[in-house]
Amino acid sequence: MDDNEVFSNNRNALVIGNTDYDINRLDLKNPINDARLIYKTLNQLGFNVKLKKDLNKRQLLETLKEFYKVQTQSDVSIIYYAGHAFQNKNGDSYLIPTDFSSTNDIEDEAINLNNILKSFETKKPNIVILDACRELNQSGLSKPSIKDPVNTKLAYSTSFGKLASDDVDKNNTIYTSALSSFFKMEGLSVRDIFHMTSKMVLEKTNETQVPAHYFGVNIEDFKFSKTDN
């Protein structure tokens, strides 16, 4: 048995899709479709998956707090978020809940990504995936300004300062479709999954969307074998 294969049944995932925003112009088509696809994918890999959709700030905070209790006891955990995300003028990165109302009050109305990463860094493998734009009103998510977490892999569907297509003519975004297919492919490591996902997105978008992933050097060799569940 490969020492880097994760066979434990104690796998937990939180999957969030924010589609229906209070501000109509922020509405998206595919986040809930993508969330459902990742839900099915991780279920097939033996994860206990909690699927949430259209969360306002209070609900998003409560959901993250509840999952934190589960995550601390997990052998491996994944957080997947599809929806809007951007940064303020100081470069602080945020996830945008459905009740977000003003870019002038990001700190009050959104969820700080850095705080999530700090809270969820443990000695066990942890992956945080965001299929979200990294640009809104000409600002984008920068690499989090925190000490590099060695057991947490952070993956974005696009690179700094760039948009991620909602792919309204498809049932799922190109990124999440690719990610799902590689998660289900036997023998791939965490490094392989995100590298191959990035290459596929690059090819299918003619290099207009460039996924990025950071951190997690200790878990890059892990492989998610299928379980009997």
Side-chain angles (χ1 to χ4, degrees), residues 3-17 34-35 38-39 41-42 45-50 52 60-61 63-83 85-87 91-96 110-132 134 140-160 164 175-176 178-180 182-183 188-198 210-225:
D3 291 337
N4 289 317
E5 288 187 341
V6 181
F7 281 93
S8 170
N9 289 332
N10 190 20
R11 309 175 182 183
N12 294 283
L14 172 62
V15 176
I16 300 168
D34 293 328
I38 294 299
Y39 172 85
T41 299
L42 296 181
L45 292 174
F47 279 80
N48 303 307
V49 190
K50 178 172 287 188
K52 295 286 188 176
L60 184 51
L61 283 172
T63 298
L64 288 167
K65 288 178 181 177
E66 290 173 3
F67 187 69
Y68 172 74
K69 298 175 184 177
V70 174
Q71 188 257 358
T72 55
Q73 304 301 316
S74 302
D75 290 325
V76 58
S77 61
I78 293 176
I79 298 174
Y80 171 92
Y81 170 87
F86 57 81
Q87 73 175 24
D92 296 319
S93 303
Y94 293 86
L95 306 184
I96 306 305
I111 307 298
N112 192 310
L113 177 62
N114 290 4
N115 291 339
I116 297 173
L117 294 176
K118 290 176 183 177
S119 297
F120 284 88
E121 169 68 354
T122 70
K123 294 183 179 179
K124 299 294 181 64
N126 182 40
I127 300 174
V128 178
I129 304 167
L130 291 92
D131 192 350
R134 300 180 72 182
L141 285 168
S142 60
K143 179 180 175 182
S145 56
I146 61 174
K147 179 180 179 182
D148 286 8
V150 295
N151 298 307
T152 297
K153 174 64 70 177
L154 173 63
Y156 290 110
S157 62
T158 193
S159 54
F160 169 69
Y175 177 80
T176 290
L179 184 67
S180 172
F182 290 123
F183 256 119
L188 296 186
S189 66
V190 169
R191 180 193 298 107
D192 294 333
I193 290 168
F194 290 109
H195 176 70
M196 294 174 74
T197 295
S198 296
V210 185
H213 43 95
Y214 309 109
F215 314 135
V217 64
N218 281 351
I219 70 168
E220 289 190 332
D221 293 326
F222 282 112
K223 300 174 183 177
F224 297 105
S225 66

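Numbers here simply count residues along the sequence, with the first being 1. Heavy-atom basis, side chains included; hydrogens, waters and symmetry copies ignored.
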Q: Parallel, tilted or perpendicular: which one describes the rings of Tyr214 and Tyr156, with boundaries at 30° and 60°?
A: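 Answer is perpendicular, since the angle exceeds 60°.
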
Q: Quick one, Phe47 with Thr41, criterion side-chain contact (heavy atoms from CB on, under 4.5 Å). Give me CA distance, side-chain angles, the key distance, then yes/no.
A: CA-CA 9 Å; Phe47 279 80; Thr41 299; over 6 Å; no

Q: From Ile193 CD1 over to Ser198 OG, what is the distance, rounded to the nearest 0.5 angstrom?
A: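 Answer rounded to 0.5 Å: 11.5 Å.
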
Q: For Ser77 and Lys124, run side-chain contact (heavy atoms from CB on, under 4.5 Å): C-alpha distance rounded to whole Å, both residues' side-chain angles, the deciding distance at 0.1 Å, then the answer.
A: CA-CA 8 Å; Ser77 61; Lys124 299 294 181 64; over 6 Å; no

Q: Applying the side-chain hydrogen bond (donor to acceptor under 3.5 Å, both in side chains) test to Ser74, which of Asn12, Asn48, Thr122 qualifies?
A: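 The passing option is Asn12.
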
Q: Would you compute the distance between atom OH of Tyr81 and atom CG of Leu14 and round it to the nearest 0.5 angstrom?
A: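 These two atoms lie 12.0 Å from each other.
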
Q: Please report the C-alpha distance between Ile127 and Ile219 in whole Å, then the side-chain angles of each, then the deciding distance to 0.1 Å, and finally whether the side-chain contact (heavy atoms from CB on, under 4.5 Å) criterion is met.
A: CA-CA 9 Å; Ile127 300 174; Ile219 70 168; 4.1 Å; yes

Q: Where do Tyr175 and Ala155 come nearest, in terms of heavy atoms and distance?
A: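 Here Tyr175 and Ala155 meet closest at OH-CB, 3.7 Å.
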
Q: If I take atom OG1 from residue Thr197 and atom CD1 from residue Ile129, how far apart are they, to the nearest 0.5 angstrom?
A: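 Between Thr197 OG1 and Ile129 CD1, I get 8.5 Å after rounding to 0.5 Å.
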
Q: Given 3.5 Å as the limit, does a donor-acceptor pair link the side chain of Lys153 with the main chain of Phe215, or not?
A: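 At least one qualifying donor-acceptor pair exists.
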
Q: Does Phe120 offer a backbone N or O that forms a donor-acceptor pair with the side chain of Asn126 under 3.5 Å?
A: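 Pair found, side chain donor or acceptor close to backbone of Phe120.
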
Q: Let me confirm one number: the CG-CD1 distance from Asp34 to Ile16, rounded to the nearest 0.5 Å.
A: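 Interatomic distance, Asp34 CG to Ile16 CD1, rounded to 0.5 Å: 13.5 Å.
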
Q: Test your reading of the model: is there a side-chain donor-acceptor pair from Ser157 to the backbone of Ala132, 3.5 Å cut-off?
A: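 Between the backbone of Ala132 and the side chain of Ser157 there is a qualifying donor-acceptor contact (under 3.5 Å).
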
Q: The criterion is salt bridge (Lys or Arg N to Asp or Glu O under 4.0 Å); which residues satisfy it with Lys52, sequence neighbours excluded?
A: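 Lys52: no salt bridge (Lys or Arg N to Asp or Glu O under 4.0 Å) contacts found.
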
Q: Carefully, step by step, assess Arg11 and Asp75 under the rule salt bridge (Lys or Arg N to Asp or Glu O under 4.0 Å).
A: CA-CA 6 Å; Arg11 309 175 182 183; Asp75 290 325; over 6 Å; no

Q: Taking OH in Tyr39 as the centre, count heavy atoms belonging to other residues, nucleotides or ligands within less than 6.0 Å. Is the count above 12?
A: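 No, because the 6.0 Å sphere around OH of Tyr39 holds 12 heavy atoms or fewer from other groups.
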
Q: Look at the aromatic rings of Phe224 and Phe183 and report parallel, tilted or perpendicular, splitting at 30° and 60°.
A: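 Tilted, since the angle between the ring planes falls between 30° and 60°.
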
Q: Let me confirm one number: the NZ-OG1 distance from Lys123 to Thr72, rounded to the nearest 0.5 Å.
A: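 So the gap between those two atoms works out to 13.5 Å.
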
Q: Carefully, step by step, assess Leu130 and Leu154 under the rule side-chain contact (heavy atoms from CB on, under 4.5 Å).
A: CA-CA 8 Å; Leu130 291 92; Leu154 173 63; 3.6 Å; yes

Q: Once you round to the nearest 0.5 Å, how far does CG of Leu179 lie from CG of Asp131?
A: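 The CG atom of Leu179 sits 8.5 Å away from the CG atom of Asp131.
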
